Amino acid sequence: MERYEPLKIEEKWQKIWAENETFRALDLPTAKSNGKAKMFLAEMFPYPSGAGLHVGHVRNFTIVDVLTRFYTQQEMNVLRPFGYDTFGLPAENYAIKTGISPQSATKTNIDNFRKQAKRLGLAIDWSREINTSDPEYYRWTQWCFLQLYKKGLAYRKESYQWWCPKDQTVLANEQVEGGKCWRCGEQVEKKLMKQWFFKITDYADELLEDVDALNWPEKIKTMQKNWIGRSEGAEIAFETGDKSILVFTTRPDTIYGATFLVLAPEHPLVKQIVSDNAKAAVEKYCAEAMKKSEIERQENKEKTGVFTGAYAKNPATGEEIPIWVADYVLSGYGTGAIMAVPSDDERDREFAEKFDLPIIEVIKDNQMVNSGEFTGLPNSEMRERILDWLKEKGYGERKVTYKMRDWLISRQRYWGCPIPIAYDKDGEPHPIPEDQLPVLIPEVADYKPDNTGRSALAKAEDWLKVKVLNEKTGKIEEMTRETDTLDGYACSSWYLWRYASPHDNDHAWDADDIAYWAPTDIYVGGDHAVAHLLYIRFWCKFFADQGYLPFREPVKTLLYNGYINAPDGKKMSKSKGNVIDPLDVINQGYGADTLRTYEMFIGPYDQDAAWDTKAIGGVYRFLNRCWSLTFTDAGVTTGTDTGAIRHKTIKKVTTDLHRRCFNTAVASLMEYVNELYKVGASHEDLTVLAKLLKPFAPHLASEMLEKLGEDDVWPTWDEQHFAEDEVEIMVQVNGKLRGKVSVSAESVEDADLIEKAARADANVAKYLEGGIKKVIKPAKAKLINFVV
RNA sequence: GGCCGGGUGGCGGAAUUGGUAUACGCGUUCGACUUAAAAUCGAAUGGAGUAAUCCAUACGGGUUCAAGUCCCGUCCCGGCUACCA
């Protein structure tokens, strides 16, 4: 071989790895008994789009791959599986447009993704491939649903829901971005519907409490905390006529300043309390507010509202205060009603000023004023005192509220996991028994949803009818199936556990396998900071409570990688025509090794980076030099081999991989190669180079190791090798560098000797003529500083 | 508006614990090889200055023998969030 031919080398090794199933994880009795530590790594599995891999996938997968190979070379028991998140709208929209079934389009796309992933040389255990739309997989998604249903954590509720008129489906809160559908960008509206929910709020406290201990990026942890949004406060009842309005407040200490109440337009009591002459205006206001899209309600921060004509009694002051309706109070949070304290709340103040409502100061210089019997009390004590007082008088209670709502999971779509429920004649839901799973997705001729808001599943008339045991009557009855499917996030809420025993036909996951492999040690992704990453935590805690999992957090370490943008710094998109196709990069001759190494070198993995069409050439040159050193006589050494650079490089690359500094690890390999080019490379130098290079450029490194006749076991370093005879000491005067002196290695900490040597330096001496006030020789620093 | 990041050469970025600022790569320039080009190899490369030296890590202060790193203030950029009572 005369020159570096990446495509040839890569084809060769990919074939070898496939034939030998090189990356197959050990099966259980063996894995458990060999005494090695386990390591379970995964990327967030991709949605296999028709466009194939993009450079973002490559970055994501390569991070996992570098770590997989690193830990494998360190002889751990490594599990690195792969899968596809295949349910979702693109396949369904494609089916509506072309008539090609989602099943068939998905298969095509997976085949393409697999082929492309293999061309990256990923160290994947292909025997564990999973696919969420495979009946053998979604059978267990349905089983998971039934477990939640049995415990009352899957329930139906009629409520206003985000509805996308274009996609004809309900959307969850986090699928609405700026008032628009996350998929198609259509403006969403609110619609009253009966929907399925998972009761994630039952776990709100634990999800919040356990966040802190996670080895996850602070950014993600903060986002999760904010999303859960725990507020401690009180619920207080305000009497109006024979009714009572419950409000939620985090500031019960300011109750003497509550000069009016505000109800959300959706609040059920509005209709009941409104006075006759206010009725028309209130009805008009509520109707308009509810019609308005949330985005309009948000954009227009100008306060609007209308007086109901009714009054309620402030339990603290005994005063009658007016009840208003305004859309700045949200129906979904707290009780959908507030006590307004314009003196201490910016929004209430704005409202009061606009509608000329009274404002009463209750806190002055941290002391309570105008607060009845509490006047004069320090504000810091007021909170607890008033809470006790409210409770004692029966007006209110301590209460914790969350911003997080229950997880809406029903989707009026065809291409999703069918919800395993059927309805009896009275419309009551019944679970499909576990032994009748999976509820298969029926074939239909037309994938369009019907205009009643039901998915295309409703068109499969035979499928709709099912005989199910009615657990109340004890009889098998003919029922009608649920036509909603599950949110795709449900399918991805348990897939990490399926990897432990992907072929288990009797369980979602095997108890022994899960106990050994899970939780996932390192999980890598660049998306889903709250949604997916919160849902897997929720399911983990739920299944732990049911005794199915021996741990309460699914992911120990989360690496959140940045995006790769186009060379112009903008997001890559087909419409802008600035997309870099990773397969093009490989095929034009760079090969997968260069692509992988470049994406690791591009910058810190957790930062966004712009693709640089030129810079990738530098990485290619680097790999080319590695090849040359090994396969031509360019690098054969004749010089003395102290091993200093070699051992320094082993240390640097190893510690950099532990702290996930992939870019500087590559940089130090480049320095190493540059040095070997200068001084020549020994067999040992080349062996170490190939071993350290293997996580990044596995094909080339394998080729090198084969030539060298060496294994790939991760090398260790010995500090003794990089102890130098002579050490250069920086000489500063008043903190400025004025000279350098060399001393023998054993004198590095000998301050007197160094001082003497430094003063002998002519340039330094010049600065010391005026006399020395102080000499500082910090330990562990090759530096001396004279203060003059 | 709130919270969290960040601001270092022409560019991407290094600097792990307060101790040689600018590693590595790109680009640029020069040289070698070549009929020539590409590729490859070598050298130089923050700014000013003949030099000693001075000035440079967004800006202004501070702490320290010593600050890109710590503290205070200001400006700018990015992300998330957005009337959550």
Side-chain angles (χ1 to χ4, degrees), chain A residues 3 178 217-223 225-227 229-231 233 247-252 254 258 262 264 297-303 326-330 332-341 344-348 350-351 401-405 529-530 562-563 569 598 601-604 606-619 621-622 624-625 628 634 652 655-656 658-659 661 663-674 677-678 728-738 740 763 766 773-788:
Chain A
R3 50 190 195 90
E218 285 306 317
K219 185 176 80 173
I220 309 298
K221 296 208 277 190
T222 308
M223 281 169 76
K225 284 187 206 169
N226 292 342
W227 183 262
R230 183 188 152 102
S231 291
V247 306
F248 174 74
T249 179
T250 56
R251 296 294 305 278
T254 62
V262 187
R297 269 162 85 162
Q298 279 167 12
E299 265 170 10
N300 184 11
K301 295 253 167 113
E302 178 75 15
K303 296 278 176 292
D327 66 3
Y328 83 91
V329 174
L330 308 174
Y333 183 74
T335 60
I338 63 158
M339 63 175 210
V341 184
D344 281 276
D345 185 281
E346 220 180 294
R347 298 151 301 185
D348 296 343
E350 208 185 305
F351 193 82
T401 296
Y402 303 90
K403 278 192 211 173
M404 182 170 69
R405 320 284 155 90
V530 277
Y563 291 110
Y598 170 64
F601 183 61
I602 197 166
D606 56 351
Q607 271 174 36
D608 290 355
W611 188 269
D612 184 340
T613 313
K614 290 252 178 68
I616 192 171
V619 173
R621 275 191 279 280
F622 158 63
N624 193 21
R625 282 155 78 90
S628 295
K652 174 76 175 148
T655 52
D656 276 358
H658 280 301
R659 62 191 189 111
C661 292
N663 54 330
T664 54
V666 174
S668 74
L669 285 171
M670 287 172 168
E671 279 184 78
Y672 181 45
V673 166
N674 292 345
Y677 249 69
K678 277 184 207 145
E728 205 165 47
I729 305 285
M730 303 300 125
V731 183
Q732 295 182 342
V733 179
N734 283 348
K736 296 208 171 186
L737 186 65
R738 297 300 178 190
K740 295 173 186 178
N763 194 47
K766 208 167 76 188
K773 286 188 193 140
K774 205 171 163 190
V775 181
I776 291 157
K777 169 65 189 76
K780 283 186 189 170
K782 293 180 220 168
L783 177 135
I784 188 164
N785 189 17
F786 293 97
V787 186
V788 296

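Predicted, not measured: the structure shown is a model, and the values here were computed from it. The chains referred to below are lettered A, B, ... by the order of the sequence lines, with proteins before strands, and numbering in each begins at 1.
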On RNA chain B, nearest-nucleotide positions of A:Val619 versus A:Phe248: which is more 5'?
-> A:Val619
Both distances under 3.5 Å, Watson-Crick or G-U wobble: report the partner of B:C80, or none.
-> B:G2
Look at all strands and tell whether A:Lys736 reaches a base, only sugar-phosphate, or nothing, counting heavy atoms closer than 4.0 Å.
-> sugar-phosphate
B:C80 C1' sits how many Å from A:Glu218 CD, rounded?
-> 15 Å
Would you state whether a donor and an acceptor, one from the side chain of A:Lys303 and one from the base of B:C83, lie under 3.5 Å apart?
-> yes
How far does the C1' atom of B:C75 sit from the matching atom of B:C30, given to the nearest Å?
-> 42 Å
Which word best sums up how the rings of A:Tyr333 and A:Phe248 line up, parallel for under 30°, tilted for 30 to 60°, or perpendicular for over 60°?
-> perpendicular
From the list B:C24, B:G27, B:C54, which nucleotide is the closest neighbour of the side chain of A:Glu671?
-> B:C24
So how far is it from A:Asp345 CG to A:Ile338 CD1, rounded to the nearest 0.5 Å?
-> 6.5 Å
pair_partner(B:U40), Watson-Crick or wobble, both distances < 3.5 Å, evaluates to B:A32
Does A:Tyr333 make a side-chain N or O approach to OP1 or OP2 of B:A85 shorter than 4.0 Å?
-> yes
Rounded distance in Å between the C1' positions of B:C3 and B:U8 | 26 Å
Counting any heavy atom closer than 4.0 Å, what does A:Ser231 reach on the DNA or RNA strands: base, sugar-phosphate only, or nothing?
-> sugar-phosphate
Expressed in angstrom and rounded to an integer, what is the separation of A:Leu669 atom CG from B:C24 atom C1'?
-> 11 Å
Closest heavy-atom pair and its distance - A:Ile616, A:Trp611 = CD1-CZ2, 3.9 Å
Taking all atoms of both residues into account, what is the closest heavy-atom pair of A:Ser231 and A:Thr250, and its distance?
-> CB-CG2, 3.8 Å
For atom CE of A:Met223 and atom P of B:G5, their distance in whole Å = 14 Å
Watson-Crick/G-U partner (both atom distances under 3.5 Å) of B:C11 | B:G25
What integer number of Å spans the P atoms of B:G61 and B:C26?
-> 39 Å
Distance, nearest 0.5 Å, that separates NZ of A:Lys740 from NZ of A:Lys782 = 11.5 Å
How far does the C1' atom of B:A14 sit from the matching atom of B:A51, given to the nearest Å?
-> 31 Å
Glycosidic conformation of B:G9, syn or anti, with 90° from 0 as the boundary?
-> syn
Set of side-chain hydrogen bond (donor to acceptor under 3.5 Å, both in side chains) partners for A:Asp606, sequence neighbours left out | none
Measure from CG on A:Asn226 to P on B:C83 and round the result to the nearest Å.
-> 14 Å
Ignoring backbone atoms, test whether A:Arg621 places a side-chain nitrogen or oxygen under 4.0 Å from the OP1 or OP2 oxygen of B:C41.
-> no
Just checking A:Ala667: base, sugar-phosphate only, or nothing, at a heavy-atom cut-off of under 4.0 Å?
-> base
Side-chain H-bond candidate by donor/acceptor type, A:Asn624 with A:Arg3, under 3.5 Å | no
With rounding to whole Å, what would you report as the distance between B:G27 and B:G60 at their P atoms?
-> 35 Å
Just how far, in rounded Å, is C1' of B:C83 from NZ of A:Lys403?
-> 11 Å
Minimum heavy-atom distance between A:Leu783 and A:Lys777, given as atom pair plus value = O-CD, 3.1 Å
When you check the phosphate oxygens OP1 and OP2 of B:G25, does a side-chain N or O of A:Asn674 lie under 4.0 Å from one of them?
-> yes
For B:C70, which nucleotide in any strand shown is its Watson-Crick or wobble partner with both distances under 3.5 Å?
-> B:G62
Ranking A:Thr222 and A:Gly332 by the position along RNA chain B of their nearest nucleotide, the one closer to 5' is A:Thr222
Specify the separation, in whole Å, of atom CD1 of A:Ile220 and atom P of B:G5.
-> 13 Å
Using purine N1 to pyrimidine N3 plus N6-O4 or O6-N4 for Watson-Crick, or N1-O2 and O6-N3 for G-U wobble, both under 3.5 Å, which nucleotide pairs with B:A52?
-> none
Provide the closest heavy-atom pair for A:Glu350 versus A:Lys303 in the form atom of the first, atom of the second, distance.
-> OE2-CG, 3.5 Å
Quote, to the nearest angstrom, the C1' distance that separates B:G62 from B:A43.
-> 44 Å
Looking for any heavy atom pair under 4.0 Å, which part of the strands does A:Arg625 touch: base, sugar-phosphate only, or nothing?
-> sugar-phosphate
Roughly how far apart, to the nearest Å, are B:C54 and B:A66 at atom P?
-> 16 Å
How close or far is atom C1' of B:U53 from atom NZ of A:Lys766, stated in whole angstroms?
-> 8 Å
Would you please confirm or rule out a distance under 4.0 Å between OP1 or OP2 of B:C65 and any side-chain N or O of A:Lys774?
-> yes
Spacing between A:Ile616 atom CD1 and B:G27 atom C1', to the nearest angstrom | 17 Å
Determine, for nucleotides 8-21 of chain B in 5'-to-3' order, which nucleotides have protein heavy atoms under 4.0 Å from the base (write B), from only the sugar-phosphate (write S), or from neither (write -).
-> ----BSSSB--BB-
A:Thr401 side chain near B:A85 phosphate (N/O to OP1/OP2, under 4.0 Å) | no
On a whole-Å scale, what distance lies between the C1' atoms belonging to B:U28 and B:G79?
-> 35 Å
Pairing partner (Watson-Crick or G-U wobble, both distances under 3.5 angstrom) of B:U17 = none
Considering all heavy atoms, the nearest A:Val262-A:Ala340 contact = CG2-CB, 4.3 Å
